[in-house]
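In what follows, a single structure is set out as structure tokens and then discussed.
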Protein chains: 2
Amino acid sequence: MNLSSRQLRAFVALAQEKHFTKAAGRCHQTQPAFSALIRSLEDAAGVRLFDRTTRRVELTPEGHLFNESALRLLNDLEAVMGDIQDHVAKRKGSVAVAALPSLAAGWLPGIYARFHEQYPGVELHLHDALLVPCLDMVRLGSADIAVAAKGSDMSGLHTEPLCEDYFHLVCRDDHPLAQRDAVRLSELKGNAIIQLGKGSSIRQSLVRNAAFSSLDSFLEVDHLATVTGLVTAGLGISLLPSMTLFQFQHERIKVIPLAPRSRIKRSLYLIRRSDKSLSSAGRAFYELLLSQRGELARRNDFASAPGTIQGADTFPTFP
Amino acid sequence: MNLSSRQLRAFVALAQEKHFTKAAGRCHQTQPAFSALIRSLEDAAGVRLFDRTTRRVELTPEGHLFNESALRLLNDLEAVMGDIQDHVAKRKGSVAVAALPSLAAGWLPGIYARFHEQYPGVELHLHDALLVPCLDMVRLGSADIAVAAKGSDMSGLHTEPLCEDYFHLVCRDDHPLAQRDAVRLSELKGNAIIQLGKGSSIRQSLVRNAAFSSLDSFLEVDHLATVTGLVTAGLGISLLPSMTLFQFQHERIKVIPLAPRSRIKRSLYLIRRSDKSLSSAGRAFYELLLSQRGELARRNDFASAPGTIQGADTFPTFP
DNA sequence: CACACTTACGATATTCGTAAGGATT
DNA sequence: AATCCTTACGAATATCGTAAGTGTG
């Protein structure tokens with residue numbers, strides 16, 4: 001047994017209009033086609049639903065019975081379809097992103113603001129987490145997208161290159177190298193290096209670099225804000241990728257790019273599950289992130305020039 | 001936008017099986033036809049509802065959303081259709097009959113018992129009322145069928161002859177005519193006639209008869225049971241149609257048919273609204289009543305022979 | 001290479017709209 | 001005579017099943 005929503009709509013129209021020709025018009029059909037539609041519904045039900053006396057159309061007892069439910073069924077159906085369409089049109093939905101702390105604090109808020117402005121109905125979730133938790137969240141489904149580096153195990157995940165994040169020297173203005181335009185890694189020998197914890201993707205990018213491993217590190221902290229404090233206090237220097245530099249806009253702190261030969265970078269990716277497609281809102285967010293790739297590269301260049309570092313405050317903020 | 005229940009069923013099947021070929025089999029279709037059905041649903045929704053990776057079928061986020069409602073929608077729809085079919089099959093429903101008091105007490109209970117045995121799910125209502133209220137109830141819709149005589153205004157009502165109800169003399173065993181096989185109306189002259197009230201169809205059938213109007217009536221009562229008492233007390237005689245005679249099975253009361261030349265009858269009809277069709281259960285009841293026409297005629301004959309009057313107790317009674 | 005979904009395509013069913021028919025007021 | 005629903009029928013559309021195509025493990 002089959003039954004179409006058009007039959008339901010035809011029934012409801014006729015039950016209200018009590019007039020085949022008018023109801024047919026409301027359904028954008030000719031009257032005979034409409035008549036056949038009603039008959040097909042009656043055949044499916046196994047009873048006449050309307051008494052037609054050429055001059056008057058009335059519901060039969062079974063028609064009344066059906067009428068009590070038909071409108072509800074139709075509204076239910078249209079509510080469900082409408083809900084889907086709302087999600088497709090991104091008037092509803094939710095996107096959860098897991099991002100490395102540096103990105104969550106620096107770059108993403110602006111993206112969020114832009115996305116929220118365009119799709120105010122979409123709920124947004126932002127989890128800042130270290131690399132491994134980021135990947136785990138995507139794998140478990142508690143995040144749709146991760147913005148992070150690559151981990152050791154990328155199985156089941158789809159990665160798409162986002163940008164390269166170049167490391168810079170961060171030191172106090174009275175440091176011997178503070179006035180340089182660029183420094184080589186070898187020049188840092190003997191300096192106390194302030195490092196991030198082992199879970200950090202920044203730390204992991206650094207240890208993969210042979211030249212760096214020859215340097216001394218004596219301090220290990222968990223958060224970038226702590227690095228700011230330590231450097232300002234003159235306890236040491238640090239090497240940090242450009243995406244973090246917006247946090248170091250302190251008058252006594254200098255940021256100096258590494259010389260081309262000494263360049264260290266970490267590669268950042270958009271990461272999602274390879275076996276699960278994104279929701280409409282998720283896909284939109286993903287593509288918004290991708291569309292920012294070019295701008296991100298420019299942003300990194302600017303970061304190299306002292307005084308023109310762009311931070312979160314250059315983007316509109318959440319209300 | 002159109003959407004069929006078959007699409008819903010296909011979706012639900014695929015969401016559960018997660019396998020096109022199996023789900024197609026469950027829907028009694030070939031796999032390509034099933035595939036097209038799913039695609040048509042996705043086109044209607046405007047999104048992919050399933051991720052098909054050749055080796056695994058999974059719901060997309062929008063598919064999950066739809067899945068939460070699809071089963072409910074389908075069950076709702078099938079419940080409504082099932083309800084209709086229950087009514088068509090007379091597993092559910094209700095019939096309200098308005099009948100003259102004599103019929104409501106005498107003949108109908110047996111019909112009700114038979115109907116209830118065959119269709120135990122159908123609710124039955126029986127209103128005993130005088131002629132005019134009977135017709136009014138049908139007109140107003142509070143009764144589906146009336147079993148009654150014709151009233152003065154039959155507009156909007158459809159009538160179908162049911163039976164002729166012949167009048168008999170009812171008197172006490174010591175009445176001069178008590179031992180006769182038949183009596184003529186003229187022989188009743190001078191007797192005190194016990195009458196029913198003006199609203200009664202029995203009274204109305206009598207007053208239309210010229211021969212009767214020449215007789216004296218001095219007592220008017222509302223209920224047949226009262227007539228029994230009055231006749232037994234020797235206060236008078238009465239003329240009553242055969243359908244009422246089951247109430248006069250008293251050892252001192254004699255029932256005597258009128259002679260052919262003096263025959264008075266009232267015609268009884270099945271009455272329903274002419275502009276409104278009956279429900280399935282109502283139609284079944286109506287036809288059960290009609291099918292009893294022949295038996296009713298026989299019943300009237302028996303009633304004429306003293307000692308073989310059939311009353312309600314010859315039919316099965318309600319549990 | 002075997003399994004599983006998609007595409008291609010001819011055949012069948014449905015549905016549509018126009019035109020004619022029948023019934024009621 | 002006018003209105004309104006039904007029937008008739010050829011045309012357009014949709015759906016189906018078979019068979020070939022594609023892609024993945």
Side-chain angles (χ1 to χ4, degrees), chain A residues 1-60 63 154-158 273-277, chain B residues 1-45 47-60 63 155-158 273-277:
Chain A
M1 183 218 46
N2 192 22
L3 207 145
S4 70
S5 65
R6 195 190 293 115
Q7 285 172 314
L8 276 182
R9 255 184 289 273
F11 176 89
V12 169
L14 185 54
Q16 288 174 358
E17 299 281 358
K18 296 188 187 301
H19 193 285
F20 273 72
T21 310
K22 287 178 191 165
R26 209 208 268 187
C27 295
H28 313 291
Q29 277 189 319
T30 61
Q31 186 275 326
F34 183 85
S35 199
L37 197 57
I38 293 290
R39 189 174 38 250
S40 74
L41 177 62
E42 290 178 326
D43 287 347
V47 232
R48 283 232 138 178
L49 298 174
F50 292 96
D51 275 333
R52 307 81 142 147
T53 52
T54 318
R55 222 49 178 185
R56 201 165 73 230
V57 176
E58 271 302 334
L59 287 164
T60 61
M154 285 282 110
S155 65
L157 297 178
H158 177 274
R273 275 178 64 152
S274 52
D275 64 341
K276 229 176 85 174
S277 64
Chain B
M1 181 217 49
N2 191 21
L3 205 143
S4 71
S5 64
R6 196 191 290 116
Q7 286 172 314
L8 275 183
R9 255 184 288 273
F11 176 89
V12 170
L14 185 54
Q16 287 171 359
E17 298 281 357
K18 296 185 187 303
H19 194 284
F20 274 72
T21 310
K22 286 178 191 166
R26 208 209 268 189
C27 295
H28 313 291
Q29 279 190 316
T30 60
Q31 186 276 325
F34 184 85
S35 200
L37 197 57
I38 293 291
R39 190 177 38 253
S40 73
L41 177 62
E42 291 178 325
D43 288 347
V47 231
R48 283 231 139 179
L49 299 173
F50 292 97
D51 276 333
R52 310 78 144 147
T53 53
T54 317
R55 221 52 176 185
R56 205 167 72 229
V57 177
E58 271 300 334
L59 286 165
T60 61
S155 64
L157 298 178
H158 178 272
R273 273 179 64 150
S274 52
D275 63 342
K276 228 176 86 174
S277 64

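Chain identifiers are assigned alphabetically (A, B, ...) following the order of the sequence lines, protein sequences preceding nucleic acid strands; residue numbering begins at 1 within each chain. Since the model is a prediction, treat every value here as computed from it, not as a measurement. FYI, side chains are in, hydrogens and waters are out, and symmetry mates aren't considered; it's all heavy atoms of this structure.
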How long is the line joining [atom1] of [X] and [atom2] of [N], in whole Å?
| X | N | atom1 | atom2 | result |
| --- | --- | --- | --- | --- |
| A:Asp51 | D:dT6 | CG | C1' | 16 Å |
| A:Lys18 | D:dC4 | NZ | P | 16 Å |
| B:Arg56 | C:dC5 | CZ | P | 13 Å |
| B:Phe50 | C:dC5 | CZ | P | 11 Å |
| A:His28 | C:dG17 | NE2 | C1' | 16 Å |
| B:Gln31 | D:dA19 | CD | C1' | 13 Å |
| A:Glu58 | D:dC4 | CD | P | 16 Å |
| A:Asp275 | D:dT24 | CG | P | 14 Å |

Problem set entry | B:Gln29 side, atom CD; B:Phe20 side, atom CZ - distance, nearest 0.5 Å | 12.0 Å
Seminar exercise, completed: CG (B:Leu8) and CG (B:Leu41) are apart, to the nearest 0.5 Å, by 7.0 Å
Problem set entry | A:Arg39 side-chain N/O to D:dT7 phosphate OP1/OP2 under 4.0 Å | yes
Exercise. So, is B:Thr21 near the phosphate of C:dC5, with a side-chain N or O under 4.0 Å from OP1 or OP2?
Worked result: yes
Answer yes or no: is there an ion pair linking [X] with [Y], defined by an N-O contact shorter than 4.0 Å?
| X | Y | value |
| --- | --- | --- |
| A:Arg56 | A:Glu17 | no |
| A:Glu42 | A:Arg52 | yes |
| B:Lys18 | B:Glu58 | yes |

Exercise. Does a distance-only test, which skips hydrogens and angles, find a donor-acceptor pair under 3.5 Å between the side chain of B:Arg55 and the base of C:dC5?
Worked result: no
Exercise. Between the base of D:dT6 and the side chain of A:Arg52, is there a donor-acceptor distance below 3.5 Å?
Worked result: no
What's touching nucleotides 8-16 of chain C from the protein side, N or O pairs under 3.5 Å?
residue: C:dC16; atom: OP1; partner: A:Gln29; partner atom: NE2; Å: 2.7

Problem set entry | Distance-only donor-acceptor check, side chains B:Ser35 and B:Arg39, under 3.5 Å | no
For this session: Give the C-alpha distance, both sets of side-chain angles, the deciding distance and a yes or no for side-chain contact (heavy atoms from CB on, under 4.5 Å) between A:Asp51 and A:Val57.
Result: CA-CA 6 Å; A:Asp51 275 333; A:Val57 176; over 6 Å; no
